[in-house]
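Notes for the one structure printed next.
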Number of protein chains: 2
Amino acid sequence: MSTSPTHPELGAGWLLGAVHRHIRSRWAERIRAYDVTPPQAAALRALASAPGLSLRELARQIEAEPINLSRTLEPLEERGLVCREPRPNDRRAHALVLTPRGLDLAASLTAAAAEFEHELATLLDPGFDQTVAWLHRALATLRTSEPSQPG
Amino acid sequence: MSTSPTHPELGAGWLLGAVHRHIRSRWAERIRAYDVTPPQAAALRALASAPGLSLRELARQIEAEPINLSRTLEPLEERGLVCREPRPNDRRAHALVLTPRGLDLAASLTAAAAEFEHELATLLDPGFDQTVAWLHRALATLRTSEPSQPG
DNA sequence: TATTGTTATACTCTATAACTATA
DNA sequence: TATAGTTATAGAGTATAACAATA
């Protein structure tokens with residue numbers, strides 16, 4: 001992977017970071033209208049598609065630390081979007097569920113996300129989903145890979 | 001851009017973040033042997049290829065905030081890798097230059113970076129530089145793009 | 001007035017360790 | 001003893017405002 005011509009000493013890691021910050025920032029401003037942050041949006045959307053999970057289960061699903069997810073959910077609960085229902089058989093874990101308003105919001109966020117990602121895909125490669133799919137595969141490969149000296 | 005199958009409600013932004021953290025972490029551990037952080041490595045390599053810049057000029061070049069770059073350079077100056085030479089004609093800006101040891105380190109880091117990026121490229125697409133180049137173009141496109149509602 | 005480097009400060013996201021109450 | 005949620009705390013990286021010295 002060669003370095004970018006405009007930044008000769010900044011490599012793939014740097015470029016990924018720059019892209020990530022940019023995209024995240026755009027996504028954050030897109031959902032600001034709903035008064036949620038990107039982590040909150042992820043939690044809400046995950047809960048909408050898998051209601052009743054415990055906090056740790058949800059954390060596993062979206063690959064967050066339980067403590068961070070806990071703090072992410074806090075303001076959402078205060079706003080009456082998420083509630084922790086007690087479980088009869090285990091009083092440690094609560095069942096996380098969305099309220100009707102939470103469900104509405106999650107639906108809006110999912111629509112916004114679909115639109116946002118479609119816009120990104122269009123920017124990347126208008127009309128050619130194949131290469132976008134390749135980007136996804138590439139990122140998925142890099143995500144867990146263990147770069148090590150070539151033999 | 002469709003979402004990842006294993007994380008239905010986590011989109012492109014999340015995936016980019018995950019990849020970025022992973023790659024950054026691997027890179028950080030790779031250069032830990034040299035006792036430098038990724039931002040320090042970027043600054044050192046940039047200074048090696050463009051010596052004599054002022055702090056603000058260097059900051060512009062690597063797209064960092066001057067204050068953050070200032071703090072990045074501080075420990076490097078203490079270790080005798082970078083020094084701020086006074087400029088005769090402008091006593092506000094100093095000329096940043098690498099010491100011989102700093103130059104050695106920068107060379108090692110550049111070699112490590114080339115190796116690291118080559119490993120990433122190999123992971124992505126062994127033997128096919130074209131698609132790697134496409135990834136770079138894709139990231140470069142996304143980097144400054146302004147996603148906006150399609151017409 | 002404008003610019004350089006810096007101080008002080010804060011924000012976002014993430015992470016580790018240890019506590020408490022349950023099981 | 002093991003697990004669930006939480007508290008306290010910390011870290012990296014980034015950012016804004018303003019200030020003193022200098023131009």
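Quick caveat, the model's predicted, so the values are computed rather than measured. Every chain is numbered from 1 and lettered A, B, ... according to where its sequence line falls, protein lines coming before strand lines.
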Close residues, residues 71-89 of chain A, relative to DNA chain D [heavy-atom separation under 4.0 Å]: A:R71, A:R84
Proximity to DNA chain D (any heavy atom under 4.0 Å), residues of residues 17-26 of chain A only: A:R21
Rounded to the nearest angstrom, tell me the gap between atom [atom1] in [X] and atom [atom2] in [N].
| X | N | atom1 | atom2 | answer |
| --- | --- | --- | --- | --- |
| B:H94 | D:dA21 | NE2 | C1' | 10 Å |
| B:Q40 | D:dT14 | CD | P | 12 Å |
| A:I67 | D:dT3 | CD1 | P | 19 Å |
| B:L16 | C:dC13 | CG | C1' | 16 Å |

From C:dT16, D:dA23, D:dA4, nucleotide with atom closest to B:R92 side chain: D:dA23
B:T37 side chain, from C-beta outward: closest of C:dG5, D:dG13, C:dT3: D:dG13
Linked, directly or transitively: B:W27 and B:L123 (ILVMFWY side chains, under 4.5 Å): yes
Contact nearer the 5' end of DNA chain D, comparing A:P66 with B:E65: A:P66
Closest-nucleotide ordering on DNA chain D, the 5'-leading residue of A:D90 and B:P39: A:D90
Short side-chain N/O contact from A:S70 to OP1 or OP2 of D:dT6, under 4.0 Å: yes
Side-chain N,O (B:R56) to OP1/OP2 (C:dT4) below 4.0 Å: yes
Distance in Å, [X] [atom1] paired with [Y] [atom2], rounded so as to fall on 0.5 Å steps:
| X | Y | atom1 | atom2 | result |
| --- | --- | --- | --- | --- |
| A:E57 | A:L69 | CD | CG | 11.5 Å |
| A:L16 | B:L142 | CG | CG | 10.5 Å |
| A:L47 | A:I62 | CG | CD1 | 8.0 Å |

Side-chain heavy atoms of A:R24 within contact of B:W14, under 4.5 Å: no
Non-hydrogen side-chain atoms of A:P51 and A:L98 separated by less than 4.5 Å: no
Sugar-phosphate, base or nothing in reach of B:R91, heavy atoms under 4.0 Å: sugar-phosphate
Touch class at under 4.0 angstrom, heavy-atom based, for B:L55 against every strand present: sugar-phosphate
Backbone N/O of B:H94 and side chain of B:S54: donor-acceptor pair under 3.5 Å: no
By side chain to side chain donor-acceptor pair (under 3.5 Å) - contacts of B:T110 (at least two apart): B:R45
Basic-acidic side-chain contact under 4.0 Å: A:R91, A:E85: no
Side-chain donor/acceptor of A:N68 to base of C:dA15, under 3.5 Å: yes
